[in-house]
Amino acid sequence: INHHLDDGLNIIGISGRIDSDDSARFERIANSITGPTLVILNSPGGAMVDGLIIGERIRSGGFITGVPANTVCASTCGLMWLAGTARYVSGTSHIGFHAAFPGNGDNVKETGVGNALIGAYLTRLGLSYRAISYVTSSAPDQMTWMHKADAQRIGIEVVTIAAPTSKASSAPPTVLP
């Protein structure tokens with residue numbers, strides 16, 4: 001987790017696995033800044049409870065979330081992305097969800113308690129039962145990759161950003177409908 005300021009916009013970057021101490025690290029950074037904030041996510045997931053705590057802080061801070069082009073935000077990272085007051089993606093971003101499971105390794109079994117926590121979290125974010133069902137529908141060893149049509153169908157607002165046509169372009173990205 002890192003932070004920098006870019007033309008008055010705070011940018012917090014989260015990349016790699018979410019670990020059990022990351023929510024405390026995120027809280028320290030979030031409490032030290034003021035003003036508009038974008039949280040850029042690039043993670044395969046990790047510690048669910050820490051991800052939910054980070055997501056709650058993203059929402060309470062009014063932060064925006066984004067997943068850059070050609071990156072993955074899956075599992076607990078996807079849950080954190082959902083907390084954004086606006087949610088940005090590229091056409092090549094990959095956002096994935098699956099049911100909760102304790103631990104890791106070969107003995108991956110779904111946990112009702114974990115899914116209950118996810119459901120309560122998503123309800124606090126204002127998402128529908130349909131969205132909650134979608135997010136937790138894949139088995140723990142599977143992944144549901146969300147597409148724009150899925151998001152629209154289940155009532156999750158997403159802003160798609162078009163990638164610049166060349167590296168030399170300094171024009172701002174284009175928001176796609």
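Worth knowing before you read on, the calculation uses all heavy atoms, side chains too, and leaves out hydrogens, waters and symmetry mates.
Judged by distance alone, with hydrogens and angles left aside, the side-chain atoms of Thr76 form no donor-acceptor pair with the main-chain N or O of Gly46 at under 3.5 Å.
Of all heavy-atom pairs spanning Gly78 and Cys73, the tightest one is N-SG, 3.5 Å. Shown here for Arg17 and Ala47, the closest heavy-atom pair between the two residues is NH2-N, 4.4 Å. Pairing each heavy atom of Gly8 with each of Pro36, the nearest pair is O-CD, 4.0 Å. When all heavy atoms of Phe26 and Val39 are compared, the closest pair comes out as CZ-CG2, 4.1 Å. Nearest heavy atom pair, residue Leu38 against residue Gly66, reads CD1-N, 3.9 Å. Taking both residues in full, the closest heavy atoms of Ser93 and Ala69 are given as OG-N, 4.1 Å, listed atom of the first, atom of the second, then distance.
In this structure Ser137 satisfies the side chain to side chain donor-acceptor pair (under 3.5 Å) test with no other residue, sequence neighbours excluded. Taking Arg25 as the reference, Asp22 meet the salt bridge (charged side-chain N to carboxylate O under 4.0 Å, His left out) condition, with sequence neighbours excluded. Applying the side chain to side chain donor-acceptor pair (under 3.5 Å) criterion to Ser23, with sequence neighbours excluded, gives Asp50. Taking Arg153 as the reference, Asp150 meet the salt bridge (charged side-chain N to carboxylate O under 4.0 Å, His left out) condition, with sequence neighbours excluded. Partners of Asp21 under the salt bridge (charged side-chain N to carboxylate O under 4.0 Å, His left out) rule, at least two apart in sequence or in another chain, do not exist in this structure. Arg57 is linked by a salt bridge (charged side-chain N to carboxylate O under 4.0 Å, His left out) to Glu27, counting only residues two or more places apart in sequence or in another chain.
Residue Val158 is grouped with residue Leu122 when hydrophobic side chains (ILVMFWY) are merged at heavy-atom distances under 4.5 angstrom, including chains of intermediate members. No continuous path of ILVMFWY side-chain contacts below 4.5 Å connects Met146 to Met143, so the two sit in separate hydrophobic clusters.
For the atom pair Ile132 CD1 and Ile118 CD1, the distance stands at 10.0 Å (nearest 0.5 Å). In this structure, Ile95 CD1 and Trp81 CH2 are separated by 4.0 Å, a value rounded to the nearest 0.5 Å. Rounded to the nearest 0.5 Å, atoms CZ (Arg130) and CD1 (Ile154) are 8.0 Å apart. For the atom pair Phe97 CZ and Leu82 CG, the distance stands at 4.0 Å (nearest 0.5 Å). How far CG of Leu127 is from OG of Ser133: 12.5 Å, rounded to the nearest 0.5 Å. Atoms CD1 and CD1, from Ile53 and Ile58 in turn, are 12.0 Å apart once rounded to the nearest 0.5 Å.
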Requested in this report: Evaluate the criterion side-chain contact (heavy atoms from CB on, under 4.5 Å) for residue pair Leu52 and Leu117; output intermediate values, then yes/no.
Outcome: CA-CA 9 Å; Leu52 298 182; Leu117 290 173; 4.2 Å; yes
Requested in this report: Evaluate the salt bridge (Lys or Arg N to Asp or Glu O under 4.0 Å) criterion for residues Arg87 and Glu157: first the C-alpha distance (whole Å), next the side-chain angles of each, then the deciding distance (0.1 Å), finally the verdict.
Outcome: CA-CA 7 Å; Arg87 303 170 195 103; Glu157 293 182 30; over 6 Å; no
Report task. Starting from the C-alpha separation in whole Å, work towards a yes-or-no answer on side-chain hydrogen bond (donor to acceptor under 3.5 Å, both in side chains) for Ser75 and His98. Result -> CA-CA 6 Å; Ser75 190; His98 61 76; 3.0 Å; yes
Report task. With side-chain contact (heavy atoms from CB on, under 4.5 Å) as the test, would you mind laying out the steps for Asn10 and His3 before giving the verdict? Result -> CA-CA 7 Å; Asn10 291 294; His3 166 257; 2.9 Å; yes
Report task. Start with the C-alpha gap between Val159 and Val89, add the side-chain angles, then the distance that decides, and say whether side-chain contact (heavy atoms from CB on, under 4.5 Å) holds. Result -> CA-CA 6 Å; Val159 179; Val89 296; over 6 Å; no
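Tested against Leu79, the residues Val135, Leu125, Ile18, Ile54 include a single side-chain contact (heavy atoms from CB on, under 4.5 Å) partner, Val135. Of the residues Thr71, Ile40, Asn42, the one that meets the side-chain contact (heavy atoms from CB on, under 4.5 Å) test with Ser15 is Asn42.
In this structure the side chain of Thr85 never reaches within 4.5 angstrom of the side chain of Phe63, judged on heavy atoms. Looking at Ile161 and Ser90, their side chains never come closer than 4.5 Å, going by heavy atoms from C-beta outward.
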